[in-house]
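Written out below as structure tokens is the structure these notes cover.
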Number of protein chains: 2
Amino acid sequence: MADAASPKTDSSKYPMPFTRIEVVLMTLVDGNLAVLLARRAQAPYAGKWALPGGVLRIDLDGSLEEAAARVVRERLATDLPDLKQLCAVGGPTRDPRAPWGLSIVYRALSLSGSTLPTAGKRIEELRWAPVESLAKGISLAFDHNTLVARATDAMREDVEEHDLPYGLLPAHFTLTELQQTCEAVLGHALDKSSFRRRLNDRDLLEPVDGEKRGGAFRPAQLYQRRARLRSLR
Amino acid sequence: MADAASPKTDSSKYPMPFTRIEVVLMTLVDGNLAVLLARRAQAPYAGKWALPGGVLRIDLDGSLEEAAARVVRERLATDLPDLKQLCAVGGPTRDPRAPWGLSIVYRALSLSGSTLPTAGKRIEELRWAPVESLAKGISLAFDHNTLVARATDAMREDVEEHDLPYGLLPAHFTLTELQQTCEAVLGHALDKSSFRRRLNDRDLLEPVDGEKRGGAFRPAQLYQRRARLRSLR
DNA sequence: TCAAAAGTGTTGCTTGTACACCCATGT
DNA sequence: ACATGGGTGTACAAGCAACACTTTTGA
């Protein structure tokens, strides 16, 4: 247990890591999974693209989740629900600005096809980049390529185990839209019949009263996420 | 991105959290899942039980994983393989010694029925406590009850999705031992035939050449974990 | 009436559970 | 021989993939 020897000096006895929050925000762009990147204006890595993030502010943040929410608000001028902690990474060479860099990484989803968030405090430029392009080739600042890869894996695992990416869809959506969204995330096609029966069997959705939508063909029923009623699994 | 305005002062501009590693070490005691607790000698929470842990030392640790390994070595005088990161938690009221406490929590397994690790640096006394007893009633120092609960959940999820708890077993074990171990973790019985067919179908194990073991009845074949050959899933 | 997308039914495979049964061994 | 735990086979149900099919609409 801790170093409880000298109660007052405990928290200042050792130098602490430069602690940041990083955010992997994902969306679909033209049916491809993409992450939000911010371009760095200053050194280190000036001109390079990196994940949006910010320093943990112990004077402002009541928890890591609050810190992540604040970072999103300050950098992207928006509020994101369902921020999920991905992992924590740390080491002496992660950030040239400090002798030891620690990042707590969060991930979140943004409505597919939505406009780019407004660049907030200290952000030069924002851009959606397909995860594909990051996996091979394009290199990000710091160890952010690794973080994006881990977030992508986590995202796919979620969908594979039927944790649907509602964050990518509007409140009301058609079953085909939902299926196409899942297919885009997973990177392969799904069977329509199986997909729908799964949804049906699990009571995940409910039809939105009377609403539909049209093209030059039969309109589709709109659905919304069903309120999860205290279930455990 | 970050505060890249004043390159040199970045890492010292804001006070950083008191950053620690905590370890949830689990084993089976008489067929019950138990966690290793250490008794606190000094304030805060003097006399209370808590998870073993230690301060992150940026002068010693090359990564969070190394930090966790070091903490285990110093506190428990042992080396543990397969330390898994569980989560990071932080907040201003987590640790009375500091204005803001951040902990990166790792979990690991210890051979069932093994002796208590030797109490290392600054450890007063060690004890295995059934997770059952912690879930209801017994309260630990800091927010460690929460952390144990999360580790227990993660442990059960692992086994449910067929990630076998080899860490609880010796290198060579019988199928019945393995099954009983899984049953103890999950808290309910499993079907012998199903359990074995699953293992068989997935080529997870291999028999250990010619070895067996006896009681007053038919001896059982010993098995070991099969070397995973680069497979993805 | 035709194209296009919505929506349904049927079959078969795979996985897992329940349960019954045989096998080997020391006393 | 028999009790005890090791080990196996069969039957049934659930979940999912593949694929064929019907329905509804606007042009």
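So you know, we letter chains A, B, ... as the sequences are listed, proteins then strands, and number each from 1.
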### Message
Before we go on, tell me: are the rings of A/Phe173 and A/Tyr223 under 6.0 Å apart, centre to centre?
### Response
no
### Message
Could you work out, with side-chain hydrogen bond (donor to acceptor under 3.5 Å, both in side chains) as the rule, every residue matching B/Arg150, not counting sequence neighbours?
### Response
none
#### Entry: Nucleotide D/dG15, atom P - distance to CG of A/Leu204 in whole Å
13 Å
### Message
Checking side-chain polar atoms at under 3.5 Å, does B/Arg94 have a donor or acceptor matched by the opposite partner on B/Ser103?
### Response
yes
### Main-chain N/O of B/Val71 paired to B/Glu74 side chain as donor or acceptor, under 3.5 Å
no
### Task
For A/Asp82, enumerate each residue passing the salt bridge (charged side-chain N to carboxylate O under 4.0 Å, His left out) test, keeping only those at least two apart in sequence or located in another chain.
none
Heteroatom pairs (N/O) under 3.5 angstrom, protein to nucleotides 23-27 of chain D:
{"from": "D/dT23", "atom 1": "O2", "to": "A/Arg218", "atom 2": "NH1", "distance (Å)": "2.9"}

### Task
Identify, residue by residue, the members of residues 177-190 of chain A with a heavy atom below 4.0 Å from DNA chain D, and return them in order of residue number, or none.
none
### Task
Starting from P on D/dC16, measure out to CD on A/Glu160 and report it in whole angstrom.
13 Å
### Task
Report the distance from atom CD of B/Gln221 to atom C1' of C/dA24, rounded to the nearest whole Å.
13 Å
### Task
Using the side-chain hydrogen bond (donor to acceptor under 3.5 Å, both in side chains) rule, collect all pairs that involve residues 108-118 of chain B, keeping only residues at least two apart or in two chains.
B/Ser110-B/Ser114
#### Entry: Donor on one side chain, acceptor on other, B/Arg196 and B/Thr176, under 3.5 Å
yes
### Message
Below the 4.0 Å mark, does D/dC16 have OP1 or OP2 next to a side-chain nitrogen or oxygen of A/His162?
### Response
yes
### Message
Nearest whole Å is fine: how far is C/dA6 C1' from A/Phe195 CZ?
### Response
15 Å
#### Entry: B/Trp49 six-ring face occupied by B/Arg40 cation (under 6.0 Å, within 45°)
no
### Task
State whether B/Glu206 and B/Arg226 are salt-bridged, where the test is any N-O pair (Lys NZ or Arg NE/NH1/NH2 against Asp/Glu carboxylate O) under 4.0 Å.
yes
#### Entry: Atom CG of A/Asp30: over 12 foreign heavy atoms under 6.0 Å
no
Tabulate atom names and distances for all N/O pairs under 3.5 angstrom spanning the protein and nucleotides 8-10 of chain C.
{"from": "C/dG9", "atom 1": "O6", "to": "A/Ser193", "atom 2": "OG", "distance (Å)": "2.4"}

### Task
Round to a whole Å and report the spacing from CZ of A/Arg198 to P of C/dG7.
17 Å
### B/Gly101 backbone acceptor or donor facing B/Asp95 side chain under 3.5 Å
no
### Message
For a quick check of understanding: with a heavy-atom distance under 4.0 Å over all strands, which category does A/Thr176 fall into, base, sugar-phosphate or nothing?
### Response
sugar-phosphate
